[in-house]
Amino acid sequence: MSQIHSITARGIALTGNDIDTDRIIPARYLRAITFDGLGEAVFIDDRTQPGHPFDESAFQGAGILVVNRNFGCGSSREHAPQALARWGIRAIIGESFAEIFFGNCVAIGIPCLTAAAEIVPELQAQIVADPATALTIDLETLAVSRSDFQAVLTMPAGARQMFLAGSWDACGQLLSQSEQIRATAARLPYLEYASSQS
């Protein structure tokens with residue numbers, strides 16, 4: 001299973017409250033059969049305006065997104081965190097998150113942590129001023145650090161424990177229990193019947 005204890009990566013700051021899932025990935029991309037290629041389309045409509053951080057060369061390769069209040073609101077599409085992940089985002093710090101967006105992020109291994117309303121703009125300003133310096137998020141101590149800056153983060157205890165234990169990864173859990181699954185399947189009468197008919 002995939003335990004996540006800390007993430008170190010350069011940051012990218014995206015300012016504004018109530019950034020919804022349709023802005024993260026527009027509805028026309030929901031027709032895709034797979035999530036492949038969604039990274040290139042993340043914020044595609046917003047990026048028609050010059051100076052969007054996801055287009056700035058200084059932020060290419062960044063892995064920690066820092067946002068404001070109510071990020072990921074709107075429709076519950078799982079394509080939004082998938083698009084962010086495929087662009088390269090590995091964790092998000094914000095003032096607050098929409099509940100379903102938060103859950104969709106947990107399901108694919110993207111920790112979403114909250115920081116105080118006065119901390120987020122300060123961290124965003126530091127990232128813009130110096131994009132090359134990495135941030136470290138520590139899920140064990142619930143803190144973010146960057147050079148001489150450090151701040152407290154919060155995360156619901158259940159989600160935090162899922163990352164620390166690796167239990168957020170449903171596929172990983174299944175694979176780690178494959179022997180028990182085979183043993184249980186072998187005892188099921190309807191699977192024995194199906195095998196005898198083939």
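This chain uses plain numbering: 1 for the first residue, then up along the sequence. Just so we're clear, the structure is a prediction, and the values are computed from it rather than from any experiment.
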Are Tyr29 and His79 near enough that their ring centres are under 6.0 Å apart?
no

Sidechain-backbone polar pair: [X] side chain, [Y] backbone, donor-acceptor under 3.5 Å:
| X | Y | value |
| --- | --- | --- |
| Asn68 | Gly16 | yes |
| Arg146 | Gln126 | yes |
| Thr21 | Ser75 | yes |
| Asp55 | Pro50 | no |
| Arg10 | Gln60 | yes |

Do [X] and [Y] come within less than 4.5 Å of each other through their side chains, counting heavy atoms only?
| X | Y | result |
| --- | --- | --- |
| Leu135 | Phe149 | no |
| Asp45 | Arg28 | yes |
| Arg90 | Ile110 | no |
| Val144 | Val66 | no |

For atom CZ of Arg86, decide whether the heavy atoms of other residues, nucleotides or ligands shown that lie under 6.0 angstrom number more than 12.
yes

More than 12 foreign heavy atoms under 6.0 Å from CD of Glu99: is that the case here?
no

Identify the residue among [options] that makes a side-chain contact (heavy atoms from CB on, under 4.5 Å) with [X].
| X | options | value |
| --- | --- | --- |
| Phe97 | Cys73, Cys105, Cys112 | Cys112 |
| Pro53 | Ile12, Val128, Asp46 | Ile12 |
| Glu78 | Asn104, Ile100, Ile25, Leu30 | Asn104 |

Within this structure, what is the [atom1]-[atom2] distance for the pair [X] and [Y], rounded to the nearest 0.5 Å?
| X | Y | atom1 | atom2 | answer |
| --- | --- | --- | --- | --- |
| Ile137 | Ile4 | CD1 | CD1 | 10.5 Å |
| Ile119 | Ile93 | CD1 | CD1 | 10.5 Å |
| Ile7 | Ile89 | CD1 | CD1 | 11.5 Å |
| Gln150 | Leu123 | CD | CG | 12.0 Å |
| Ile64 | Thr8 | CD1 | OG1 | 6.5 Å |
| Ser96 | Arg69 | OG | CZ | 6.5 Å |

Thr136 side chain to Ser145 side chain, donor-acceptor N/O pair below 3.5 angstrom
no

Can Asn70 and Asn17 be counted as having a side-chain donor-acceptor contact under 3.5 angstrom?
no

What's the shortest heavy-atom distance between [X] and [Y], and which atoms?
| X | Y | result |
| --- | --- | --- |
| Glu140 | Arg160 | O-NH2, 2.7 Å |
| Leu38 | Ala83 | O-CB, 3.7 Å |
| Leu14 | Gln124 | O-NE2, 3.3 Å |
| Phe59 | Pro131 | CE2-CB, 3.6 Å |
| Trp87 | Val42 | CD1-CG1, 3.7 Å |
| Ile108 | Ala85 | CD1-CB, 4.1 Å |

Given the rule in the side chain to side chain contact (heavy atoms under 4.5 Å, CB included) test, do Leu139 and Leu113 qualify, once you have shown the distances and angles that lead to the verdict?
CA-CA 9 Å; Leu139 292 177; Leu113 301 104; 3.5 Å; yes

Kindly work out whether a path of hydrophobic side-chain contacts (I/L/V/M/F/W/Y, heavy atoms less than 4.5 Å apart) joins Leu164 to Trp168.
yes

hydrophobic_cluster_shared for Phe35 and Ile92, side chain cutoff 4.5 Å
no

In terms of ring plane angle, is the pair Phe43 and Phe54 parallel, tilted or perpendicular, where the classes change at 30° and 60°?
tilted

